[in-house]
Each structure stands twice: as structure tokens, then as C-alpha cells.
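Every value quoted in this text rests on a predicted model; they were computed, and no experiment measured them.
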Amino acid sequence: MFYKNVLFLHNFPILVNSNTNAMRFFFSILFSFFTFTMWTQESNEVFAENNYENNLKVVAFAKKLLNSFHEYDTRFFYTHFHKEAFVSTVIDTQKEPFEKNLQTFQKTFEKGFLQEYFKIPENIHTLIKNGASFDIVNYYYHLDEKKYHLLFRLFTEEDHIDYYDFQLDYVDDDFLVEDLYRYKAGEYLSETLKNIHTIVHSNFSGDTQENRKRQQVYFFLVRYSTLFSNNYERAFTAIQNLKGDFTNSKLYHTAKIEIASQINDVFYMEAIDEFLKKFPYDTSTSLYALDYYCLLKNYNASMSILDDLAEVTEDDFLEFLRANVAMQFDDYQTAEKGYAYIVNQYPYFNSGFISLILLYDELQKHEDNIVLLSRIIENTEYTKQDLINFIDDKTNELKHLPNAQIYKRWKRKK
């Protein structure tokens, strides 16, 4: 249960005692998959009230956090992370014997996790530099948790979309990031790490069937980076052969999907199909389900997924994806409506203008295209010559506009 407000606008002694590189492997792979599961924590912490004053504080914090990603201000991210609360969620020292071995493991865990966690701003900043957009969508107050959340959207030039949901803690009248849910991972990062902690800290002694399964998972995770980067088929075979409780986790399924996506559409769809059957009512499956139903050429299901995602995120940018889906199914009326909305609401999003130009070209609405071209010149940094160079480039997808008389007259006009 939550309120939303639209902003204006991821006992193995040899590991814990000596092999810290193995621990680093764990954390380096986890940050490709982390995400969102609701949990309730009983503690003495102070909760932020849902009121106007705190709303303003959250908005201000969101802007600073966004700016830190764009400007690569790692210090802000570092100083506004509630490390103690996060670690206590992953490792419950009150329930586990606080032995020397566990203390060593905790220190190794914290060091390995923090090294990778603080790469998040760098990774996001790199994506932004390479043309991706990373923007605030909204904030909301979760009534059960009594905590505020910030929702950001990541959108790449390859039309890939993902959402980052930052859970905020309230400490000394200030907001700090406590946890992170990435939609394509499907659970909070703390939940993912908690599951990994169970595997890593398990005692593998004894030749039992369950121990052999856990060992197999452990060695897969340690070798994952090498397998995934060098041979996708080999990585897929390895993950297919895993057994035990790990194969029921979201980390297993999202890793399998990401590997399969690098092989072919058949493997990709089969991996998504497994995920959807395992978590049929989970919001986190929406982004994968959209790809799945588009590949199946199921227009109604694809649009239904976008409806559900829009209801959860309240993100009007999804109109761009809706228009893209409509174009795939030759629903030009819906596509035109979506692209027109995007160019009005997101005037600096170049792909919106390009998509609408291509749609008008497909429909041979040359007069509308000329009006749109003039608008681009008036409201963006592009010049008339830039647009002429784009339209006359024979490698683009324009079929009719370059030869239209109205365009030739527009091009000659000074």
C-alpha cells in the first residue's frame, strides 16, 4: 500500500579467510540483476511521516541524487547511503552465532559489497555519457514500510527501459538511500544478497546431495563473469545444469534471461516463459513480458502489459513504448498519438521526433512532416541543414519524403 506523487519533473572457511577475490566475483555479478521485494522490519528506527514538509525534502533529495549521477558525484551517493541498516538486513547477527569466522565473513562481505555498490554512480554516468537518459519519474510513500521511495527511469538508445526504485531511510532529519530495487531484477538488492549470503556461508562439508547442489551454484557464481563474457552458450549450459533451491530464485531466472538474450530469440523467449510461469503476478516481470508478447506478435497482451506498467509507475514516457509497439503492428493511429504526445512532453528527446518523422513518411503525410521539421528547428539545437542531411541520407529509412515536391520546395526556401 502506498501513496504516489508525480514529480515535475541491483561455513566456507577458505572463502572468508583467504579468498577475497571470490567474494568480489559475487558482488561484481550481482549488480547486473538486483531489485524489488517488499519486507517489513521491526526495529527502533525513526520513520518519516508522510507530510508536506517531508515531501519537499524528498523532492530536493531526488534532484541532488539525480544530479550526482549526471555529474558523477560519487561522494554524495557514498555519504547518503545507510550502510548499517542495509547490512543488518542482509546478515542478522542476532540469529546467527557471532563467531570469529562470521565476523571475518561480515567484514569481507561489507568490503566486497561496498566496492561494487559505489560503482553504481559510475555505471549510470557511463550509460548517460553513451546516450542513455536517466530521469526522475516520481516519488511515493509506502504505508506498510513507512518509508519514502524514489523511482528513476533508465532508457538507452537501443530502446531498452528499466526502473530504479530507491528505498529511503530517515536518519537525523535527513534522507538516506537504504535499499535499491531494479525492475529487471525483481527484488530488493538486500534480498538478493541475503540469498547469496546463505549460499556462500553454507557449510559444504559432507558429501550430501544438497551440499553438491550448493557447491555447483557456488562455482557457477564464481565463474559467471568469465562464462558470460567469453561464451554465452557455455554459460547457458552451465546455468541449465544447476539444481536446488537457487533455481527458484529471481537471480537465477534473470541471469538465465540475460544469457539467453545473447544467443537467439528462441532461447530468450523460453527463458522469459519460465520466469513468467514462476512469478505470474509479479510486477517485475512486466519489462520481460513486454518483449515476450511482442515477439509472439500478441498485440493486445503487449498493450495490456504497458497499461499495467503505466499504472504502477505513473510514467507517461511509456507512451513512446506504446507507440513503438503500435508501429510493429501497423496501428498507425495509436502510434501517431503516442509519438505526438512524446514530442510535446519531451521536446529534447530526439528519438521522439525521428520516430514521428518516419511515421509521417510511412503514411505520406508530407505536410505534417514539414510542420514538424520547422518545429524541430525552432525548439531544438538542430539546424535546417542538419535535417536536410538526415532526410537526404540514403541509408536512413525514409521512403517517400526525400522525393516529395513539398519537401523539395521547403529545402530550397531560405
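Shortest non-hydrogen contact noted between Ile342 and Gly352 is CG2-CA, 4.2 Å. Here the shortest heavy-atom pairing between Thr395 and Asp393 reads OG1-OD1, 2.8 Å. Between Thr247 and Leu242, the shortest heavy-atom contact is CG2-O, 3.4 Å. Here the shortest heavy-atom pairing between Ile406 and His366 reads CG2-CB, 3.5 Å. In plain terms, the two heavy atoms of Ala260 and Ala271 that are nearest each other are CB-CB, 4.0 Å. Closest approach of Cys294 and Ser302 over heavy atoms only: N-OG, 3.4 Å.
Using a distance-only test at 3.5 Å, with no hydrogens or angles considered, no donor-acceptor pair links the side chain of Ser304 to the main chain of Asn300. Side chain of Asn369 to main chain of Ile357: a donor-acceptor pair is present (N/O by atom type, distance under 3.5 Å, no hydrogens or angles). Tyr183 places no side-chain N or O within 3.5 Å of a backbone atom of Tyr164 that could act as its donor or acceptor partner. Under the 3.5 Å distance criterion, the side-chain polar atoms of Asn54 are left unmatched by any main-chain donor or acceptor of Ala48. Judged by distance alone, the side chain of Ser374 and the main-chain N or O of Ile370 form a donor-acceptor pair under 3.5 Å. A donor-acceptor pair under 3.5 Å links the side-chain atoms of Ser68 to the main chain of Leu65, judged by distance alone. One N or O on the side chain of Asp361 and one on the backbone of Leu401 form a donor-acceptor pair closer than 3.5 Å. In this structure, Glu362 contributes its side chain and His400 its backbone to no donor-acceptor pair below 3.5 Å. Between the side chain of Asp165 and the backbone N or O of His149, no donor-acceptor pair lies under 3.5 Å. In this structure, Lys146 contributes its side chain and Phe47 its backbone to no donor-acceptor pair below 3.5 Å.
We find the OG-CG distance between Ser133 and Asn350 to be 11.0 Å, quoted to the nearest 0.5 Å. Note that CD of Gln262 and CG of Asn231 are 12.5 Å apart. Values are rounded to the nearest 0.5 Å. Between atom CG of residue Leu363 and atom CG of residue Leu358 there is a gap of 11.0 Å, rounded to the nearest 0.5 Å. Here CG of Asp316 is found 6.0 Å from CD of Gln345. Values are rounded to the nearest 0.5 Å. Between Leu321 atom CG and Asp315 atom CG the span is 9.0 Å, to the nearest 0.5 Å. Annotation: the span from Ser261 atom OG to Tyr288 atom OH amounts to 8.0 Å, rounded to 0.5 Å.
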Working note: Asp291 + Tyr268, criterion side-chain contact (heavy atoms from CB on, under 4.5 Å); need CA distance, chi angles, decisive distance, verdict.
CA-CA 9 Å; Asp291 282 353; Tyr268 182 52; 2.7 Å; yes
Show your working on side-chain contact (heavy atoms from CB on, under 4.5 Å) between Asn379 and Phe353 and close with a plain yes or no.
CA-CA 11 Å; Asn379 297 323; Phe353 285 108; 5.7 Å; no
For side-chain contact (heavy atoms from CB on, under 4.5 Å), just list the numbers for Phe246 and Leu251, CA-CA rounded to whole Å, side-chain angles, deciding distance to a tenth of an Å, and then say yes or no.
CA-CA 8 Å; Phe246 179 70; Leu251 176 61; 3.9 Å; yes
Decide salt bridge (Lys or Arg N to Asp or Glu O under 4.0 Å) for Lys411 and Asp392; before the verdict, give the C-alpha distance in whole Å, the side-chain angles of both, and the deciding distance to 0.1 Å.
CA-CA 10 Å; Lys411 184 164 64 170; Asp392 291 347; 3.1 Å; yes
Start with the C-alpha distance between Lys256 and Gln240, add both sets of side-chain angles, then the distance that settles side-chain hydrogen bond (donor to acceptor under 3.5 Å, both in side chains), and finish with yes or no.
CA-CA 8 Å; Lys256 190 173 182 180; Gln240 282 273 77; 2.4 Å; yes
Pair Lys365-Glu336, side-chain contact (heavy atoms from CB on, under 4.5 Å): steps then yes or no:
CA-CA 11 Å; Lys365 290 187 173 183; Glu336 182 175 357; 3.0 Å; yes
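Annotation: side chain of Glu178 is in contact with side chain of Lys147 (closest heavy-atom distance under 4.5 Å). A heavy-atom distance below 4.5 Å is not found between the side chains of His80 and Val177. A heavy-atom distance below 4.5 Å is not found between the side chains of Ile388 and Thr383. Side-chain contact check for Tyr341 versus Lys337: every heavy-atom pair is 4.5 Å or farther apart. Leu168 places none of its side-chain heavy atoms less than 4.5 Å from the side chain of Leu176. Proximity of His70 to Ile124: side-chain heavy atoms (C-beta onward) are nowhere separated by under 4.5 Å. Proximity of Tyr292 to Ile305: side-chain heavy atoms (C-beta onward) are nowhere separated by under 4.5 Å. Looking only at side-chain heavy atoms (C-beta outward), Leu373 and Lys384 stay at 4.5 Å or farther from each other.
Below 30°, between 30° and 60°, or above 60°: for Phe152 and Phe134 the angle between ring planes is below 30°, a parallel geometry. Between Phe317 and Phe155, the angle of the ring planes goes over 60°, which puts this pair in the perpendicular group of the 30/60° scheme.
Aromatic rings from Tyr148 and Tyr140 are positioned such that their centres are separated by 6.0 Å or more. Between Phe275 and Phe279, the distance separating the two ring centers is shorter than 6.0 angstrom. Between Phe320 and Phe349, the distance separating the two ring centers is shorter than 6.0 angstrom. Taking the six-membered ring for Trp and the full ring otherwise, the centers of Phe69 and His125 sit at least 6.0 Å from each other. Aromatic ring centres of Phe61 and Phe76 lie closer together than 6.0 Å.
Side-chain contact, Tyr141 with Asn55: no donor N or O sits under 3.5 Å from an acceptor N or O.
One finds no salt bridge joining Glu378 and Arg375 here, because no Lys/Arg side-chain nitrogen approaches an Asp/Glu carboxylate oxygen to under 4.0 Å. Using a cut-off of 4.0 Å between Lys/Arg side-chain N and Asp/Glu carboxylate O, Arg153 and Asp162 are scored as not salt-bridged. One finds no salt bridge joining Lys57 and Asp174 here, because no Lys/Arg side-chain nitrogen approaches an Asp/Glu carboxylate oxygen to under 4.0 Å.
Applying the 6.0 Å contact sphere to NZ of Lys408 captures more than 12 heavy atoms from other residues, nucleotides or ligands. Atom CD of Gln385 has more than 12 heavy atoms from other residues, nucleotides or ligands within 6.0 Å.
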